Amino acid sequence: MKRKLVENLKRVEDRIHAACARADRPRESVTLVAVTKTLTLDVIRTMVDMGFTDLGESRVQELTRRAAAIDEWLGRRARDVAAGAKPRPRWHMVGHLQRNKIKTLLPWVDTIHSMDSLRLAEELHAHGEKTGTVVPAFVEVNVSEEPNKHGVRVAAAFHLVEIIQGLDHLKVVGLMGMAPHTDDADQIRRAFTRLKELHDEIIDERVAGECFRCLSMGMSNDFEIGIELGATHVRIGSALFAGIELAPQAVPTE
Ligand SMILES: *Cc1c(COP(=O)(O)O)cnc(C)c1O
């Protein structure tokens with residue numbers, strides 16, 4: 001399993017480097033978030049060992065369970081000098097977030113990529129206030145304008161960022177968006193260009209604060225286009241995990 005992971009990672013890294021080179025950007029300007037949703041804990045431990053620093057999950061229950069298990073494992077390992085200490089990975093919530101799950105999620109999550117309504121933002125702010133924390137979050141925009149997709153409408157995003165800016169236990173770090181599920185590169189490019197333009201407009205109009213700099217844009221199928229158009233975060237699952245065993249309960253439970 002580790003050999004397969006190393007191979008897949010090498011292939012993905014080569015593609016990230018090539019896309020960065022085409023866009024004349026340094027590799028460090030892009031964070032690889034490895035979306036581990038269907039993997040076993042054993043695979044995730046191996047990844048942490050290999051030096052993966054940013055892990056993504058689409059379900060609250062999986063994220064909290066895994067983050068707790070990895071913390072516990074790292075804690076045990078810290079006492080074993082020979083194994084060498086590894087830093088705790090950062091956990092990214094990339095899937096749709098329900099307000100009633102916020103309380104469970106917040107102690108474990110480092111960044112939320114899927115803030116898609118004012119009510120969710122207000123609730124995150126309220127919990128942040130209660131616990132004395134500031135939650136970094138991306139506003140998710142439905143750039144493909146497909147009715148079954150999450151995210152705020154393109155026309156509403158600007159205003160939402162403006163309002164959220166006033167909530168001081170929330171840190172809006174940028175925008176997240178998904179291209180339509182297609183092999184048509186032009187269609188993907190159009191969706192990502194729209195997100196990038198919206199992002200730049202928010203910065204130019206000084207609607208958001210200093211920390212609004214990130215664009216979470218690109219998955220296994222389209223991350224190169226995302227990087228060429230300015231993505232700072234790519235969320236990659238299947239390209240990293242092809243040929244690796246999945247968790248037995250890979251079926252949705254929420
Ligand atoms: C699963 C998932 C990903 C990763 O998708 P792949 O196509 O497997 O790379 C990225 N973002 C979100 C929101 C996801 O749910």
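Just so we're clear, the structure is a prediction, and the values are computed from it rather than from any experiment.
In summary, Arg76 and Glu72 engage in a salt bridge, as defined by a charged side-chain N under 4.0 Å from a carboxylate O. The pair Arg190-Asp184 does not meet the salt-bridge criterion, since no charged nitrogen lies less than 4.0 angstrom from a carboxylate oxygen. Using a 4.0 Å cut-off between a side-chain N of Lys or Arg and a carboxylate O of Asp or Glu, Glu62 and Arg59 do not qualify as a salt bridge. A salt bridge links Asp14 with Lys10; the closest basic N to acidic carboxylate O contact falls under 4.0 Å. Ion pair Lys37/Glu57 not flagged as a salt bridge, since none of the NZ, NE, NH1 or NH2 atoms sits closer than 4.0 Å to an Asp/Glu carboxylate oxygen.
Residues passing the side chain to side chain donor-acceptor pair (under 3.5 Å) test with Lys196 are Asp200, sequence neighbours excluded. Listed by chain and number, the residues in a ring-ring contact (aromatic ring centres under 6.0 Å, His included) with Phe212 are His199 (sequence neighbours excluded).
Residues Asp168 and Val134 share a closest heavy-atom pair of O-CG2, 4.0 Å. Nearest heavy atoms, Thr182 versus Ile188: O-CD1, 3.5 Å. Scanning all heavy atoms of the two residues, the minimum distance from Leu105 to Thr64 falls at CA-CG2, 4.0 Å. In terms of heavy atoms, Lys149 sits closest to Ser144 at NZ-OG, 3.5 Å. Contact between Trp91 and Trp108 at its shortest, heavy atoms only, is CB-O, 3.8 Å. Heavy atoms only, all atoms of each residue included: Ala69 and Leu41 are closest at CB-CD1, 3.6 Å.
From Asn221, atom CG reaches atom CG of Asp183 across 5.5 Å, with rounding to the nearest 0.5 Å. Annotation: the span from Arg194 atom CZ to Leu229 atom CG amounts to 14.0 Å, rounded to 0.5 Å. The CG atom of Asn100 sits 8.0 Å away from the OG1 atom of Thr104 when rounded to the nearest 0.5 Å. Between the CE atom in Met1 and the CE atom in Met47 there is a gap of 10.0 Å [rounded to 0.5 Å]. Note that CG of Leu240 and CG of Leu5 are 7.5 Å apart. Values are rounded to the nearest 0.5 Å. In this structure, His113 NE2 and Met93 CE are separated by 10.5 Å, a value rounded to the nearest 0.5 Å.
Put simply, the side chain of Thr36 never gets that close to the backbone of Leu39: no donor and acceptor are under 3.5 Å apart. Formation of a donor-acceptor pair under 3.5 Å by the His233 side chain with backbone atoms of Thr31 is not found in this model. With hydrogens and angles disregarded, a donor-acceptor distance shorter than 3.5 Å links the side chain of Asn8 to the backbone of Ala242. Between the Asn142 side chain and the Glu145 main chain, a donor and an acceptor come within less than 3.5 Å of each other. Of the possible donor and acceptor atoms, one in the side chain of Arg25 sits under 3.5 Å from a partner among the backbone N and O of Ile227. No side-chain donor-acceptor contact under 3.5 Å links Asp71 to the backbone of Arg88. At least one donor-acceptor pair under 3.5 Å links the side chain of Ser114 to the backbone N or O of Gly95. Side-chain N or O atoms of Thr133 include none that pairs as donor or acceptor with a backbone N or O of Glu129 at under 3.5 Å. Side-chain atoms of Asp116 do not come within 3.5 Å of backbone N or O of His150 as any donor-acceptor pair. Side chain of Arg27 to backbone of Val30: a donor-acceptor contact under 3.5 angstrom is found.
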Chi angles and distances behind the side chain to side chain contact (heavy atoms under 4.5 Å, CB included) call for Glu122, His125: CA-CA 5 Å; Glu122 285 172 341; His125 164 76; 5.6 Å; no
Side chain to side chain donor-acceptor pair (under 3.5 Å) assessment of Arg90 paired with Thr111: CA-CA 8 Å; Arg90 285 182 291 268; Thr111 304; over 6 Å; no
Verdict with supporting geometry, Phe52 and Ile44, side chain to side chain contact (heavy atoms under 4.5 Å, CB included): CA-CA 9 Å; Phe52 278 87; Ile44 299 175; over 6 Å; no
Stepwise side chain to side chain contact (heavy atoms under 4.5 Å, CB included) check, Glu224 with Arg22: CA-CA 10 Å; Glu224 285 131 314; Arg22 283 194 295 276; 3.9 Å; yes
Test log, rule side chain to side chain contact (heavy atoms under 4.5 Å, CB included), inputs His127 and Lys103: CA-CA 7 Å; His127 277 280; Lys103 204 171 155 186; 3.7 Å; yes
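In this structure, Phe158 and Glu205 have side chains that are in contact, with non-hydrogen atoms separated by less than 4.5 Å. Leu118 has its side chain within reach of Leu160: a pair of non-hydrogen atoms, C-beta onward, lies under 4.5 Å apart. No side-chain heavy atom of Met217 sits under 4.5 Å from any side-chain heavy atom of Val234. At a threshold of 4.5 Å between non-hydrogen side-chain atoms, the residues Leu106 and Leu124 count as touching. Taking 4.5 Å as the limit, every side-chain heavy atom of Gln165 sits out of range of all side-chain heavy atoms of Val207. When side chains are defined from C-beta on, Glu140 does not count as touching Met115, because their heavy atoms never get closer than 4.5 Å. Looking at Leu63 and His92, their side chains never come closer than 4.5 Å, going by heavy atoms from C-beta outward. Side-chain contact between Val135 and Ile112: present, with at least one pair of heavy atoms (C-beta onward) separated by less than 4.5 Å.
There is no path of hydrophobic side-chain contacts, each under 4.5 Å, that joins Val35 to Ile70. Note: the hydrophobic cluster containing Leu55 also contains Ile16 (ILVMFWY, side chain heavy atoms under 4.5 Å, direct or indirect links). Under the 4.5 Å side-chain heavy-atom criterion for Ile, Leu, Val, Met, Phe, Trp and Tyr, Leu120 and Val94 are members of distinct hydrophobic clusters. Put simply, Phe241 and Val33 are part of two different groups of oily side chains (I, L, V, M, F, W, Y) that touch within less than 4.5 Å, one to the next.
Of the N and O atoms on the side chains of Ser220 and Ser238, at least one donor lies less than 3.5 Å from an acceptor on the other residue. Between the side chains of Arg213 and Thr232, no donor-acceptor pair is found at a separation under 3.5 Å.
Within the hydrophobic cluster formed by Ile, Leu, Val, Met, Phe, Trp and Tyr side chains joined at under 4.5 Å, directly or through other members, Phe138 is accompanied by Val173, Met176, Met178, Met219.
No more than 12 heavy-atom neighbours from other residues, nucleotides or ligands sit within 6.0 angstrom of CG on Asp24.
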